[in-house]
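Right, one structure below, let's go through it.
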Amino acid sequence: MSVRVRFAPSPTGYLHVGGARSALYNFLFARGRDGVFILRSDDTDTARSTDEYRQDIIDQMQWLGLDWDEGIVKGGPHGTYRQSDRFERYAEVAHGFVRSGHAYYSFATASQLDDFKKRAREAGTSPAYDGSLEPTQDQVSRLLADGQTAVVRFRVPRPGSTTFHDLVRGDVTFDHTQVDDFVILRSDNSPTYHLASTVDDVDYGITHVTRGEDILSSTPKHILITEAMSATVPVYAHLSLLMGPDGKKLSKRHGHTAMAAYREAGYLPEAMNNYLALLGWGASEDDDDIVSMDDMIRRFDLADVSRNAAVFDTKKLDWMNGVYIRAMDPEAFVATTVPLIEHRLGHTLGEGELDRYKQIAPHVQERAKTLAEVAPQVDFLLGDLDEYDEASWEKVMLTPEAPIALDAAAGALADIEDWKTDAIDVALRAMLEEHGLSARKGLQPIRVAISGSTVSPPLFESIEVLGRDTTLARIAGARSRIDG
RNA sequence: GGCCCCGUCGUCUAGCGGCCUAGGACGCUGCCCUCUCAAGGCAGUAGCGCCGGUUCAAAUCCGGUCGGGGCUACCA
């Protein structure tokens with residue numbers, strides 16, 4: 001049977017990095033096996049689901065390049081792939097279960113259930129509701145006729161237990177004393193996650209369910225429902241959760257968890273995928289952590305996924321992103337960063353500005369860890385230099401060498417005929433020689449004078465791009481500020 | 001509290017009874033290169049949670065213990 005997998009986020013929040021990793025693993029598994037990858041919207045929680053979240057999930061999935069074969073937006077043989085469009089189907093299954101005895105109407109109140117749990121805790125026994133409050137057939141008829149609202153609960157067979165072979169965890173067994181008679185249909189006739197998700201997995205022919213470990217203990221419920229539908233139970237694989245740097249479950253407390261935030265911060269989708277893939281999967285075939293999507297697809301197997309929870313470490317992501325930025329085609333780098341620069345500047349780059357940027361871009365590309373840090377680094381080349389970094393100024397401009405270097409540089413640069421990096425290089429080094437200045441001592445004041453900071457793209461190239469007039473004006477400006 | 005999952009350098013991992021005086025990557029430190037910062041090169045730092053057991057031999061198997069995580073909703 002061909003592989004059919006799905007990523008089924010619920011639009012009750014933005015797509016977060018953990019969800020993206022689940023999506024990626026499903027994607028890799030499907031692509032490596034000639035399977036079908038489905039994107040489904042598990043939006044049974046109508047109160048918390050929003051269109052904004054629905055759209056975010058779609059946007060981020062597309063940005064990451066995790067194309068799906070069937071699903072929301074795209075469609076397919078199973079309709080809209082939105083659970084909110086299939087409530088009748090779930091209700092039909094639930095009522096069928098009532099008729100077949102797999103489920104029953106329940107009128108148990110919250111306080112009754114709380115009571116049950118409280119007693120269980122005191123007795124040290126399982127807190128899972130065991131169905132002891134199930135009404136008789138007569139009571140059901142009477143209460144329903146009375147207009148009482150009821151939920152439909154699945155009747156978990158007890159005694160009993162469910163065992164399944166998890167692809168990443170191995171055999172897992174849950175005794176049914178630990179599984180409650182769970183609600184499958186709410187009193188407003190809407191389905192719960194357990195019902196809708198399982199019915200969809202059955203109806204859509206899902207063969208492998210790969211999802212977060214947070215649902216591991218709900219899996220017996222899903223298996224029980226599947227069996228009650230006389231369907232084939234899919235293979236399950238539960239991924240460990242992502243943690244923050246402090247070893248606690250990754251949350252907003254740790255900074256960004258939303259995929260969109262990383263996109264805005266200037267991370268490349270290729271880097272994100274590579275990093276996420278390695279977060280819980282030993283991809284290395286040759287000890288190289290940089291793995292192309294094609295290789296990931298070729299090598300990936302759920303059986304090789306790590307069982308331990310992984311810490312989302314932005315340090316390694318930063319490094320990896322730098323690797324991918326450097327690997328970009330120079331023209332593509334310019335194309336993707338120009339809009340960011342224009343956004344920062346507040347206007348479209350003119351021809352001259354664009355030319356200047358193109359000249360310096362390769363040097364910036366070499367140094368960037370994220371796309372977002374590019375624009376600030378070229379500010380001094382495209383706009384006025386209206387302020388100096390104070391720490392930089394104090395560090396190099398207050399030395400006795402600074403005024404000497406600045407004056408000498410102004411003279412040397414004024415005489416250059418061919419305003420090119422090479423000539424500038426030669427002229428400035430001759431100046432250093434003449435005044436007995438080290439490159440470090442003599443050039444840093446010039447760097448601060450023209451860029452405002454001790455950190456900048458290469459000096460000679462920057463000077464060339466800046467042009468003679470601007471360069472000399474800035475040197476003069478810095479010189480007078482020293483005196484001032 | 002009950003049940004389930006997990007436990008190799010700070011972090012991600014390799015390891016699946018002898019090849020391990022535990023390998024790689026990120027980070028960190030030092031050196032080299034160098035006009036700053038990066039990049040690059042080289043070197044270094046640091047780990048099998050603990051206690052028992054099985055075995056000629058354990059990071060690898062078993063038990064316990066400790067620690068972390070998850071679930072325990074008419075959320076997903």
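Lettering of chains follows the sequences in order, A, B, ..., and the numbering in each one begins at 1. Remember, predicted model here, so these are calculated numbers, not experimental data.
Remark: A:Y275 engages A:F312 in a ring-ring contact (aromatic ring centres under 6.0 Å, His included) (not counting sequence neighbours). With sequence neighbours excluded, no residue forms a ring-ring contact (aromatic ring centres under 6.0 Å, His included) with A:F174. Scanning for ring-ring contact (aromatic ring centres under 6.0 Å, His included) contacts around A:W393 gives A:Y388, with sequence neighbours left out. Annotation: side chain to side chain contact (heavy atoms under 4.5 Å, CB included) contacts of A:L432 (sequence neighbours excluded): A:L437, A:A439, A:L443. For A:F87, the ring-ring contact (aromatic ring centres under 6.0 Å, His included) test picks out no residue, with sequence neighbours left out.
Base pairing annotation: B:C3 forms a Watson-Crick or G-U wobble pair with B:G70, both donor-acceptor distances under 3.5 Å. Taking a pair to require two hydrogen-bonding distances under 3.5 Å in either a Watson-Crick or a G-U wobble arrangement, B:C37 remains unpaired. Pairing partner, B:G10: B:C26, with both Watson-Crick or wobble hydrogen-bond distances short of 3.5 Å. Pair assignment for B:C61 gives B:G53, based on Watson-Crick or G-U wobble hydrogen-bonding distances that are each under 3.5 Å. Nucleotide B:A46 forms no Watson-Crick or G-U wobble pair with any nucleotide shown, as no partner meets the under 3.5 Å limit on both distances.
Counting non-hydrogen atoms under 4.0 angstrom, A:T173 reaches the backbone sugars and phosphates but no base. Using a 4.0 Å heavy-atom criterion, one finds that A:S306 contacts the sugar-phosphate atoms exclusively. A:G212 comes within 4.0 angstrom of no nucleic acid atom, judged by non-hydrogen atoms across all strands. A:R121 comes within 4.0 angstrom of a nucleotide base, judged by non-hydrogen atoms across all strands. A:M320 comes within 4.0 angstrom of nothing in the nucleic acid, heavy atoms only. At the heavy-atom level, A:H238 lies nowhere under 4.0 Å from the strands shown. Residue contacts for A:V151: at a heavy-atom cut-off of 4.0 Å it reaches a base atom on one of the strands shown. A:A309 comes within 4.0 angstrom of the backbone, heavy atoms only, and of no base. Counting non-hydrogen atoms under 4.0 angstrom, A:R153 reaches the backbone sugars and phosphates but no base.
Rounded to a whole angstrom, the distance from the C1' atom of B:C20 to that of B:C16 is 14 Å.
Salt bridge A:R299/A:D301: absent, no basic N to carboxylate O contact under 4.0 Å.
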Test A:S451 against A:S453 for side-chain hydrogen bond (donor to acceptor under 3.5 Å, both in side chains), laying out the working first.
CA-CA 5 Å; A:S451 78; A:S453 167; 5.2 Å; no
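The NZ-C1' distance, from A:K117 to B:C71, rounds to 10 Å in whole Å.
Among B:G2, B:C4, B:C26, the nucleotide with an atom closest to any side-chain atom of A:F174 is B:C4.
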Heavy atoms under 4.0 Å is the rule here; annotate nucleotides 31-38 of chain B 5' to 3' with B where the base is hit, S where only the sugar-phosphate is, and - elsewhere.
----BBBB
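In terms of phosphate contacts, A:N308 brings a side-chain nitrogen or oxygen within less than 4.0 Å of OP1 or OP2 of B:U8.
In this structure, A:F182 and A:F154 have parallel ring planes: the angle between them is below the 30° cut-off, well short of the 60° mark.
The base of B:C3 does not come close enough to the side chain of A:S126 for any donor and acceptor atom to sit less than 3.5 Å apart.
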